[in-house]
Each structure stands twice: as structure tokens, then as C-alpha cells.
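All residue numbers in this chain count up from 1 along the given sequence.
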Amino acid sequence: MSAATTAAGDGPVPPPRTSVPDDAAAPTTDGPVPAAGGAATVGWPAGVPVAEPAQPVVAEVEPGRVRWDPAERRARASQSFWTAVVGVPAIFSVLRLGVEAGGELQTTLLLVANVGPVNLLAGFLTTAARLLSTGLVAVFALGAVLAVSADRLPPGTRRRPLFARWADITPAWVVLASFLLALITWPLLYLPLLLPAFVAAFQLRPARLHERVLPRLLIIIALLAGYGWLMLPTLRDAMRQGDEWLVLALIVVPPLLALIIAGPLPGVVIRPLASVTEVAVLATLVWAAVPVISTPVLPLTVTTVGPESGPTEDVRGHVVTTDDVNMVILQERGGVRYVPVDLVRAQVLCPSEEELPRHQLRIHDFHVEDSLLEGMGRRVRPVHRIDAACRTAP
């Protein structure tokens, strides 16, 4: 009996394939496939390849424990990382309006109605960019150290720490961008801390400077000498004042720490250190977030109101909105005040208490409490004298 033909009529259709035992010889494409007993299978055409049977993948898993696929772990880590990066700023922006409104619902709704999302985002970035960059730098530096330490452990002995997984899935340009953001937003006083953090994040060991010991030492001495030339005037002023021990420690310790911070850690301290650092970073960010949430979104002003021929009053607060009838002011000590625009006589912009300097130190004409961005801005627009109304207003 002849073999069945296809619908198009261009060749025979091979019969169903019989199973091939594991111990059978490798099939060929130029003849029938032999069965286990040596007999050929029925009618398998020549030239048609024979696929090998699928072999099940068996993985030894501890009883009662689910084994996650590495790709799925990376996807979950990536999702949690970007959720934190995007969600935290949005939550902070909402909280800032509630805090600035004094917890009053109607005042919060007033701010929501008049503070646009662009203004809110701009205000958040100018005040919270420092906090965001601090969190990213800490995560990437600690994650890189934990990652290179976990790689030295036997495979499958321990689960990789969370910060190590975040560091693994983050592109290098994101890490570099976080350090650049910190470079322009951190106060100059804390910029030396970026040296050990950068070395840890990119694992820049001294051995990578040069393969020979003597040139390596010369490079390190030259780098330290350049750093010393940059910071020497500030060190002299801090030692002369006598009570600036924190400044001295922040200038001297970080470059020395950068020489030894890279490299793997002992296996016994990886898991405790990972847990402690994750809790410490979270607690530090929460502690640092309190002033960020309480920082006003609107500028602080002192508005002088009163009739043309009569006594005047200084109203200290934040201007929410102004129309043809009233100027709405959120007073510094609470409450919303509607001032008729016809009674407004003058208005001045005032700095907040957090903006007043606490140290009398400079690094090459830049104040140590200013960031690079603020320092360059003060060179373009020098700080003006504080108006007397800002000091005397209640």
C-alpha cells in the first residue's frame, strides 16, 4: 500500500515516530532508525532529521525551599530598585505639602490647588537631590563590596545580599550619574567621603594603578599631595579655630580609607554586615528625610501691609497665590491670611534658619557648607545683605 500524500501533492507524509530508547545508537538521516532490538522502524524517510528526546532538568533543592531562577531574581531586584527610585520622590512630595500645611486638610487642599506639579518637582529636586544621591551612593558602594565578597563564596552557599543584587543589575552609567549628582549637590565639607565610596563602587584597588610597586607608590603619593594642596588652607584654618574636629576628620580620614576599602571581605562577616548596613542605610535616609519633608515648598517672604496713611504690619510667611482681590499668605506660625492687594506696601525675600552658615571655613573661596552648584551661583549673584524686616518680623 502506498504512503499517503500531502494535500499539496508534493511528497509522502512520514508516519508517526516511535520513541527512541536512551541506549539506542545516534540516529542518522540517511536511512531508517533502528529500534532497540535491532529492527528498523517503519517507513521513516531518509533525509528527515530526528530530534533527540528532551531530557528533564533536575535540580537538587533543599526540602521546603523554593529555588528561584537567576533571571527571575534579577528581574525582581530590578523592579524593587526602580520602584524605590521613582516612588520615594512622589511620596516625599505629597508629604511635604501636608507638613507645610500644618496637618490641616483645608490648607493642604489649598496648596494642592495652587502648587503645580512642575513647581513641586523643582522644589523637591533642589532640596532632596542631596538625599537621593546620598542613598544611591551608599547603596552602590556597599553593594559593590558585598558583591565582590559574595563572589568568593562557594556557589549556592548563601543568597546574595540585596544591595549586591541592586549593584549587579544597575548599569555603570547610572552609578556614575549618582556620583556626579552628589558631586554638585553635596556640601564641600562632605565631598571627601565620595573618594572611598567611588573606590568601593568601582573596586579601584591600588594594585590597578600600576603592576610594579614603586610606580604604584609614586602615583599614590602624587594623588595624596594634590589632595593635600587642595585642602591645606582649610586644614590650617580648622586647626587655628580649635573646635572644628569634625571638619578635620572629614578631610583627613576619607582619602586614607580609600586605600583599603576595596576588595572582598571575609565570608563570616558578609551576612551580618549586609543586614546591618541595609538597616543602617534605611535609618539614615529616614533621619535625613525629616528636614527634607519639613522644608517649605514656597519661598519665605515678609510682606508689609497697611493703609497709605496709617500704621503698617509685617506678615511673615509664604505667598500661595495672588489674584486681583487678595494675596493669600500661609503664615509662618500657622494659618492662612487673605490680604487685600490694595494694602500691600512692600515685600522682601528672606532666608530660612537652615540657610544660615554654621562654619567659618572656606575651600579656595568656596564656603564649606555650599555645594559646587551653590558656590558657582554665589559667584554669579553674590549674597546680598539680609533685609532688616527679616530680622525684626515676628
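Listed for the S371 side chain is no donor-acceptor partner under 3.5 Å among the backbone atoms of P187. Proximity of a side-chain donor or acceptor of T301 to a complementary backbone N or O of G317 within less than 3.5 Å is detected. Put simply, the side chain of R316 never gets that close to the backbone of E332: no donor and acceptor are under 3.5 Å apart. Proximity of a side-chain donor or acceptor of H367 to a complementary backbone N or O of R362 within less than 3.5 Å is not detected. The backbone N or O of I251 lies less than 3.5 Å from a partner atom in the side chain of Y227, making a donor-acceptor pair. Side-chain atoms of N326 never come within 3.5 Å of backbone atoms of V328 as a donor-acceptor pair (strictly under, hydrogens ignored). No side-chain donor-acceptor contact under 3.5 Å links R337 to the backbone of I329. Using modelled atom types, one side-chain atom of S178 and one backbone atom of V175 make a donor-acceptor pair closer than 3.5 Å.
To the nearest 0.5 angstrom, W166 atom CH2 is 9.5 Å from L136 atom CG.
Classified by interplanar angle (parallel below 30°, tilted 30° to 60°, perpendicular above 60°), the ring pair W229/H364 is tilted.
There is no path of hydrophobic side-chain contacts, each under 4.5 Å, that joins L105 to V320. When the side chains of ILVMFWY residues are joined at heavy-atom separations under 4.5 Å, either directly or via intervening members, I219 and I260 end up in a single hydrophobic cluster. In terms of hydrophobic clustering, with Ile, Leu, Val, Met, Phe, Trp and Tyr side chains grouped at heavy-atom distances under 4.5 Å, M231 and L248 are assigned to a common cluster.
V305 and V339 get closest at one heavy-atom pair: CG1-CG1, 3.3 Å.
Considering only residues two or more places apart in sequence or on other chains, R240 meets the salt bridge (Lys or Arg N to Asp or Glu O under 4.0 Å) condition with D237.
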